[in-house]
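Before any comments, here is the structure.
In the text below, chain A, chain B and the rest are named by the order of the sequence lines, each starting its count at 1.
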There are 2 protein chains.
Amino acid sequence: MKIKLVKASELKSEILKKLYYENALSCAELSVLFGKSLPIIMKAINELIDEGFVVEVGYAPSSGGRRPLNYAVKADAMYIMAIAMDQLSTRIAIVDLCNRPVAEVEMVELLLNNNAVALEKLIEYINAYILRNGIDKARILGIGIGMPGFVSAADGINYSYLDANGQSLNEYIFKATGLPTYVANDSSVIALAEQKFGVAKSQEEVMVINLGWGIGLGMIIKGEVFRGYDGFAGEFSHIPLFEDGALCICGKQGCLEAEASMLVVVEKAKEGIKQGRLSTLQSVIDDPLKLMGDAIFEVAATGDPFVIELLSDAGYKIGKALAILIHIMNPKTIVLSGRGAKGGKIMMAPIQLALNKYCIPRLAANIEILISELGFDGEIIGAAVLVMENFDQEKLIINTKRIQMNI
Amino acid sequence: MKIKLVKASELKSEILKKLYYENALSCAELSVLFGKSLPIIMKAINELIDEGFVVEVGYAPSSGGRRPLNYAVKADAMYIMAIAMDQLSTRIAIVDLCNRPVAEVEMVELLLNNNAVALEKLIEYINAYILRNGIDKARILGIGIGMPGFVSAADGINYSYLDANGQSLNEYIFKATGLPTYVANDSSVIALAEQKFGVAKSQEEVMVINLGWGIGLGMIIKGEVFRGYDGFAGEFSHIPLFEDGALCICGKQGCLEAEASMLVVVEKAKEGIKQGRLSTLQSVIDDPLKLMGDAIFEVAATGDPFVIELLSDAGYKIGKALAILIHIMNPKTIVLSGRGAKGGKIMMAPIQLALNKYCIPRLAANIEILISELGFDGEIIGAAVLVMENFDQEKLIINTKRIQMNI
DNA sequence: TAAACTTAATAAATTATTTTAATATCTTCC
DNA sequence: GGAAGATATTAAAATAATTTATTAAGTTTA
């Protein structure tokens, strides 16, 4: 791993971040990682221990000499509120610094589209959740929120949903809850999760496909989320892919989303069954969208031919889009993630088929397509990561005071 | 501009690079740029002056206090050999540290396709050019080469042309010339030129389209060329864009290159004229490809309807491809560069038309499409930049010795 | 099984960097 | 046009970081 240059004044918070991501590291390892001398690292670590952020966690195996003493974050030094939204529902969790929930993860219905009170509802949920679980707000480092739409993480504005009269959602929710808040596009948040704690762990260049009601793309470039100039990079759903394709909600024709998203698969399934196609999906045909989505993958796993046909068709089209992405970005790894990752195994073959057809062989040859193991938890974990990504020395100092007051 | 963290041991070479890119800077500016204290910067600058790399270049205008003393690279401290190749011909130049040629830029015919002796020819040209112009090899910092094909700049290998039995071209040419050599894909080299000395100067996120016999893409991300995992990123020519398009040399159908490259425009022009279309291009219809390419833009500038029709058609298709790029990368700036940049003005309208049709308005709204001013010189300048990008403390020390021996 | 070799942690000495203060030079505002 | 404020440079003092040496603790090999 490349050494990461940091300013001396940011060393301690950077070490804490690293320990959060890497679980446990020795001083020697940290020394190499940051390109700083051992005494400096030891001083920082000892201070972090004194301040209550870090603990010793025993010795690592020797690599031919004295065994190194490993350090890790103190899991309950701080908590993080992680929120994962989609168009239909919102999940809320509070996790510790090992990403373990310290209160039960809850899901609430929260329609984003044409819902003027969605933001107020969200804030209500947040405050109620904290209160109900009896968690001290002072212990919570911040709130990370992954949400669909055109989100500028830099400005804290979602241009599609949750309007706060043009104000920053980060500011608005901070004022309403007292907790530092960071919003970001759901796909970028999922990409964060996959790179820090998922199948793409520690990789510097990864493309993460968020298979959901739309089709999102979170990009990790040079080890960081790439957001583009306005923060809208990775708008994969609406690339013009098919000459005379289905009409998309965006008003255009031939968008990837309109041909291959989970929404389309569900709709095609309903329509097909109505027209007499046989499928075990028949029993849930009148269920709401969300349940139907879950059912698709259950039924696919049992080998239902109609559903597999639908998923294969979607997979092939996604594969064509991936071919374009590969030509432009030449990634090493592509991760299929999001709630649709469950169908990844079935889609793998048609995706590969499409790559064979649409990719220059040299580019497709070494590509590694992985299926997320975080699955549905990805967005929650990513939302927590989002808070830690914004952790800095200033917040370290604030929280040091808090811990010292408590003890 | 964001401060650039550098290791203390690399400060001097980084300062020199910065001065090369920015022409002239004061110590105070450098201090801010690198986040280092003034005494450190002054020490480094004074050493660089003593070593013969830097000179004082007078005072900058005051901004309300004592006028700062500006420093610049000593233009003839070192020379750089810059080589720009395309499939048909190769240009060679030697430039000083102000990118001014110190010997006449020469162009030689050098077919890359199916030419087993192309590499040997290239080396011959290099050595002959240096000899003919009587330039001391010890004065030349290195050779930068932009070339078409699948080029891995990291490995120094071009997988399409100029095979050195799988060896690194960097190594091979170094052995044959005694000069450190760096090869890279032509489009990435042009992107470097545009970002350092062109219309995209100092921008951190830029997409540079190389309009030539193919259609290349050089990406600047976080201020650096993005090359992807294998180094093949930006393979824009062969993205699958049209359902049943023309057959491409790559064997696939519907590639952008097969529909909109300069090669296609020239061929369509020839064919059209043969079939009776009226055009002032008629007089050069039997000229070789290269001349025909130049003629296209000359004729277009006079308002030739047929040629404008052809360029518009190509522009519209390029616009569709740009729409995809914009959806994925959300850049602030797109630069039309390469030898085809001459036609940029004519293509601008159809490109915008395509963006209106294929882009989500929010993404297309703020996009800035610029036409290169470096034009045909872009690849030469970029090749020189390529050498400076690889300049480090080690090379600084080597060249210090050289200068001291000479003086 | 002990000697030789590694690696880790700690302390002391050296080196490097930044901060502070002082001086020089220029602009702008009475 | 001179005084006050701003910026740049230089020198000295204070601070911080790294290097080197030392001790501790483990592995490998003869």
Side-chain angles (χ1 to χ4, degrees), chain A residues 1 3-16 18-19 22-51 54-72 393 396-397, chain B residues 1 3-16 18-19 22-51 54-72 392-394 396-397:
Chain A
M1 195 185 279
I3 77 153
K4 185 183 180 185
L5 289 175
V6 298
K7 278 186 286 186
S9 59
E10 289 287 337
L11 182 62
K12 275 164 68 181
S13 55
E14 288 296 322
I15 288 177
L16 200 59
K18 206 79 189 173
L19 290 178
E22 300 301 327
N23 200 25
L25 291 167
S26 70
C27 285
E29 286 169 315
L30 285 166
S31 170
V32 176
L33 238 43
F34 288 105
K36 299 275 174 189
S37 65
L38 259 173
I40 289 281
I41 298 290
M42 299 221 63
K43 189 176 160 230
I45 281 281
N46 285 324
E47 283 178 24
L48 284 168
I49 291 175
D50 289 344
E51 290 159 1
V54 167
V55 287
E56 296 181 357
V57 288
Y59 293 91
S62 165
S63 55
R66 176 171 168 173
R67 288 165 65 188
L69 191 48
N70 261 1
Y71 300 89
Q393 201 74 13
L396 180 78
I397 293 165
Chain B
M1 195 185 280
I3 77 155
K4 184 180 181 187
L5 288 175
V6 299
K7 278 186 286 185
S9 59
E10 291 286 338
L11 182 62
K12 275 165 67 180
S13 55
E14 289 296 323
I15 288 178
L16 201 58
K18 205 78 187 173
L19 290 178
E22 301 301 327
N23 200 24
L25 292 168
S26 70
C27 284
E29 287 170 315
L30 285 166
S31 171
V32 176
L33 239 43
F34 289 105
K36 298 276 175 188
S37 66
L38 261 171
I40 289 280
I41 298 290
M42 298 221 64
K43 191 177 158 228
I45 282 282
N46 285 325
E47 284 177 25
L48 284 168
I49 290 174
D50 290 344
E51 290 159 2
V54 167
V55 287
E56 296 181 357
V57 287
Y59 292 92
S62 165
S63 56
R66 175 170 169 176
R67 289 166 65 187
L69 191 48
N70 260 2
Y71 299 91
D392 58 18
Q393 201 72 15
E394 190 194 349
L396 180 78
I397 293 166

Tell me the interatomic distance from A:Phe34, atom CZ, to D:dT18, atom C1', rounded to whole angstroms.
18 Å
Any side-chain heavy-atom pair from B:Ile397 and B:Glu394 closer than 4.5 angstrom?
no
Select one nucleotide: of D:dT10, C:dA8, C:dT10, the one nearest the side-chain heavy atoms of B:Met42.
D:dT10
Taking the side chain of B:Ala28 as its heavy atoms from C-beta onward, which of C:dT19, D:dT18, D:dT9 lies nearest to it?
D:dT9
Interatomic distance where CG belongs to B:Leu38 and C1' belongs to C:dT17 [whole Å]:
13 Å
Atom of B:Gly58, atom of B:Leu69 and distance for their closest heavy-atom approach:
O-CD1, 3.7 Å
Separation of C:dA8 C1' from A:Glu56 CD (nearest whole Å):
13 Å
Given B:Glu14, which partner from the list B:Lys7, B:Lys4, B:Gln393 fulfils the side chain to side chain donor-acceptor pair (under 3.5 Å) test?
B:Lys4
Of the listed nucleotides (C:dC26, D:dT19, C:dT17), which one gets closest to any side-chain atom of A:Pro39?
D:dT19
Quick one: CD1 on A:Ile15 to CG on A:Leu33, what's the gap to the nearest 0.5 Å?
9.5 Å
A:Lys36 has a side chain; which of C:dT18, C:dA9, D:dT18 sits nearest to it?
D:dT18
From CD1 of A:Ile45 over to P of C:dA8, roughly how many Å is that when rounded to an integer?
14 Å
Rounded off to whole Å, could you give me the CD1-to-P distance for the A:Ile41 and D:dA16 pair?
16 Å
Write down the distance between NZ (B:Lys12) and C1' (C:dT17), rounded to a whole number of angstrom.
16 Å
Rounded to whole Å, please give me the gap between NZ in B:Lys43 and P in D:dA11.
14 Å
Of the nucleotides D:dT19, C:dT18, C:dA9, which one has an atom closest to the side chain of B:Ile40?
C:dT18
Rounded to whole Å, CG of A:Leu25 lies from C1' of C:dA8 at a distance of 15 Å
Counting any heavy atom closer than 4.0 Å, what does A:Leu69 reach on the DNA or RNA strands: base, sugar-phosphate only, or nothing?
sugar-phosphate
Given 3.5 Å as the limit, does a donor-acceptor pair link the side chain of A:Asn70 with the main chain of A:Tyr59, or not?
no
